[in-house]
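Residue numbers start from 1 in every chain, and the chains themselves are labelled A, B, ... in the order their sequence lines are given, proteins ahead of strands. Heavy-atom basis, side chains included; hydrogens, waters and symmetry copies ignored.
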Amino acid sequence: GAVVSQHPSRVICKSGTSVKIECRSLDFQATTMFWYRQFPKKSLMLMATSNEGSKATYEQGVEKDKFLINHASLTLSTLTVTSAHPEDSSFYICSAPLSGSYEQYFGPGTRLTVT
Amino acid sequence: AQKVTQAQTEISVVEKEDVTLDCVYETRDTTYYLFWYKQPPSGELVFLIRRNSFDEQNEISGRYSWNFQKSTSSFNFTITASQVVDSAVYFCALSSSGYSTLTFGKGTMLLVS
């Protein structure tokens with residue numbers, strides 16, 4: 001089946017620094033990818049839709065300047081958390097729909113801890 | 001607006017018991033898709049099933065079964081003869097098309113001991 005990878009799987013950074021998370025579709029092309037955020041013991045909340053070749057679409061309440069999304073190619077989307085703060089600590093998950101399929105494939109997630 | 005409600009926050013059962021996880025959804029779309037995902041402690045979401053709004057046939061896959069009732073807007077998930085490995089958080093989700101974003105319920109944590 002289709003595979004989506006995320007890198008890194010875990011990252012610890014200091015307040016004020018920026019962290020980049022990569023989401024790759026390994027064996028299929030994804031013109032669209034989705035970024036979700038999950039707080040401990042909470043549900044997944046959609047942050048933004050990443051579109052290859054155009055700007056990302058952010059959900060209401062998500063700061064565009066803080067969560068920079070770049071869909072550099074048909075297999076790669078990146079989420080950069082800029083000037084991270086402890087409240088940004090969370091589990092970030094990306095997903096990509098496979099063209100012609102109704103299924104979304106999720107990455108394994110990235111656990112971000114900001115100290 | 002779409003909404004998914006999983007009223008059960010946490011369920012604890014003893015091995016071999018049957019357990020049903022409830023899911024109620026709201027949508028104005030006539031075409032929509034319902035999903036169940038399993039999230040073990042590792043965090044990775046595991047796809048379990050997808051059902052479209054035109055297919056009300058119940059489905060059974062091994063110890064798993066799903067009951068889709070459009071009349072009550074429910075898509076419940078039953079695990080028969082539960083096992084310790086079934087312990088995880090289970091999410092019900094809804095999308096208006098196969099390519100759109102998913103609206104997730106809050107999840108039900110299942111503990112099998």
Side-chain angles (χ1 to χ4, degrees), chain A residues 1-11 21 23 25 28-52 56-60 62 89-113, chain B residues 1-11 21-25 29 31-55 59 61 75 87-111:
Chain A
V3 177
V4 174
S5 71
Q6 278 184 245
H7 178 80
S9 57
R10 290 177 179 270
V11 57
I21 302 170
C23 177
S25 55
F28 67 101
Q29 293 183 334
T31 55
T32 300
M33 290 183 177
F34 302 107
W35 285 96
Y36 294 85
R37 180 175 182 177
Q38 184 180 29
F39 289 104
K41 298 188 177 182
K42 298 291 185 184
S43 186
L44 284 78
M45 300 298 294
L46 178 69
M47 297 176 66
T49 302
S50 174
N51 304 300
E52 191 271 334
T57 305
Y58 289 82
E59 295 301 299
Q60 193 172 12
V62 178
S89 298
S90 192
F91 193 54
Y92 293 87
I93 305 174
C94 71
S95 73
L98 176 63
S99 178
S101 165
Y102 293 113
E103 199 169 320
Q104 280 196 36
Y105 294 89
F106 283 85
T110 297
R111 194 166 301 281
L112 169 64
T113 303
Chain B
Q2 298 183 327
K3 185 179 179 181
V4 176
T5 301
Q6 292 179 258
Q8 304 149 310
T9 305
E10 186 174 316
I11 301 175
L21 310 181
D22 298 333
C23 173
V24 175
Y25 62 92
D29 296 316
T31 301
Y32 53 88
Y33 298 84
L34 294 162
F35 301 78
W36 275 96
Y37 287 89
K38 175 181 180 180
Q39 188 178 42
S42 63
E44 185 164 357
L45 284 169
V46 177
F47 168 81
L48 296 177
I49 190 172
R50 174 187 61 84
R51 174 65 75 226
N52 72 54
S53 52
F54 298 108
D55 183 3
E59 181 154 341
S61 176
F75 186 45
S87 296
V89 179
Y90 291 86
F91 290 99
C92 180
L94 168 70
S95 77
S96 59
S97 82
Y99 307 103
S100 73
T101 59
L102 293 169
T103 298
F104 284 86
K106 293 187 175 181
T108 297
M109 178 176 286
L110 174 63
L111 300 171

Checklist entry - Is there a side-chain contact between B/L102 and A/F34 (heavy atoms, below 4.5 Å)? => result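 In short, these two side chains do not touch, never coming nearer than 4.5 Å.
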Item to check | B/K106, NZ atom: more than 12 neighbouring heavy atoms under 6.0 Å | outcome: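 No.
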Checklist entry - chain A heavy atoms under 4.5 Å from B/Q39: which part of the residue, side chain, backbone, both or neither? => result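 When you check distances to chain A, only side chain atoms of B/Q39 fall under 4.5 Å.
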Item to check | Atom group of A/L46 that falls short of 4.5 Å from chain B, counting heavy atoms | outcome: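 Side chain only.
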Checklist entry - Looking at A/K42, A/Q38, A/M45, A/Q6, which one has more heavy-atom pairs under 4.5 Å with chain B than the rest? => result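 Among the listed options, the one with the most contacts to chain B is A/Q38.
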Checklist entry - A/S43, A/S95, A/A96: which one forms the most heavy-atom pairs within less than 4.5 Å of chain B? => result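 Max contact count across the listed options: A/S43.
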Next on the checklist: I need the B/F104 CZ to A/Y36 OH distance, nearest 0.5 Å.
Outcome noted: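 Interatomic distance, B/F104 CZ to A/Y36 OH, rounded to 0.5 Å: 5.0 Å.
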Item to check | A/Y105 OH to B/F47 CZ distance, which is reported to the nearest 0.5 Å | outcome: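 One gets 7.5 Å once the value is rounded to the nearest 0.5 Å.
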